[in-house]
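Take a look at the structure set out below.
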Protein chains: 2
Amino acid sequence: MDMTTPIDAPRNCSGVSEIFSQVGEKWTMQVVVALRERPRRFNDIKRIVSGISQQMLTRTLRNLERDGMVERTVRATAPPQVDYALTELGQSLAESVRQLAEWARVHRAVIHDNRSRYDERR
Amino acid sequence: MDMTTPIDAPRNCSGVSEIFSQVGEKWTMQVVVALRERPRRFNDIKRIVSGISQQMLTRTLRNLERDGMVERTVRATAPPQVDYALTELGQSLAESVRQLAEWARVHRAVIHDNRSRYDERR
DNA sequence: CGGGATCCAGTAGGATACTG
DNA sequence: CAGTATCCTACTGGATCCCG
């Protein structure tokens, strides 16, 4: 193992950044947020997360389901009805992310301003 | 002209997920963590963030600099020496991210387990 | 030492059409 | 309604060479 790294950083950044990349995927957190209040059906989510295609919504939900963040419940009615709900794991993620989201919300304007100035100076 | 600023986002976090995607980029947070203790030089960071190419380190640092997370200081010595340091903005990001990182560290095993079971059931 | 310039592969993201 | 199936584009990540 690499014992030469002189930082007392959180151990195993590699595994953690794996989670980050999922969180950072374009639609993941918006879907999680859409489910925070209560379970919702496919097209309800699609309506809330404006701009998402049904393809991307399907993919995002599958990934979240795969990780155990979201539970999928199929009702054998006609027409078919599918509910998606956050699991406890998913809810705890949403809660942890909320703080980072708050940071982003507060600093968004400054970051955009920094970018503009950087791009102009170039 | 400001085409980049979303005017209205009722529940939507389009601007926030923009920050998330940067945080989720493969190397961004590992570089930030590498700078948390003190400023460091290019090849120091490269050594700490094992596996990163000089190309990707350059790109990542440029993006962080662009957003005002990192400050770049060039010393006109021979050989040239460049220091990278977190700004206050960068440090506050690191702090906010730490909590999400802690969440990821705690739940990583469970998530991996969920994935395995999901993939088997397929 | 600290990059920039190229080129290249893989994947995320998206548009559209079709289906049980 | 809730998806699959295709096909396509753009961007992320990386390897390599070069340069002051």
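Please read these numbers as outputs of a predicted model, since none were measured by experiment.
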Value in whole Å for how far the P atom of C:dC1 lies from CG of B:Leu61: 16 Å
Sequence-distant partners of B:Glu95, side chain to side chain donor-acceptor pair (under 3.5 Å), two or more places apart: B:Arg98
Residues from residues 66-77 of chain B lying under 4.0 Å of DNA chain D - heavy atoms: none
Residue list, side chain to side chain donor-acceptor pair (under 3.5 Å) with B:Arg59, at least two apart or on another chain: none
Partner set under side-chain contact (heavy atoms from CB on, under 4.5 Å) for B:Ser116, not counting sequence neighbours: none
Sequence neighbours excluded, every pair satisfying salt bridge (charged side-chain N to carboxylate O under 4.0 Å, His left out) that has a member inside residues 73-84 of chain B: B:Arg75-B:Asp83
Under 3.5 Å: donor-acceptor pair, side chain of B:Arg72, backbone of B:Glu65: no
Contact letters for nucleotides 10-20 of chain C, in which S counts primed atoms plus P, OP1 and OP2 and B counts the base, heavy atoms under 4.0 Å: ---BBBBB--B
salt_bridge(A:Glu102, A:Arg105) N-O dist < 4.0 Å: yes
Which atom of A:Ala104 lies closest to which atom of B:Val16, heavy atoms considered: CB-CG1, 3.9 Å
Sequence neighbours excluded, every pair satisfying ring pair (Phe, Tyr, Trp, His ring centres under 6.0 Å) that has a member inside residues 16-56 of chain B: none
Taking every non-hydrogen atom, the tightest pair across B:Lys46 and B:Ser53: CE-C, 4.2 Å
Inter-end axis angle, the helix from C:dC1-D:dG20 to C:dG20-D:dC1, with every axis fitted to five base pairs (rounded, 10 degrees): 50°
Below 4.0 Å: OP1/OP2 of C:dC1 and any side-chain N or O of B:Tyr84: no
With sequence neighbours excluded, residues passing side chain to side chain donor-acceptor pair (under 3.5 Å) with B:Asn43: none
All side chain to side chain donor-acceptor pair (under 3.5 Å) counterparts of B:Gln54, not counting sequence neighbours: none
Qualifying ring pair (Phe, Tyr, Trp, His ring centres under 6.0 Å) pairs, either residue in residues 63-117 of chain B, two or more places apart: B:Trp103-B:His107
Distance-only donor-acceptor check, side chains B:Asn63 and B:Gln22, under 3.5 Å: no
Nucleotide range of DNA chain D lying under 4.0 Å from chain A heavy atoms: D:dC1 to D:dT6
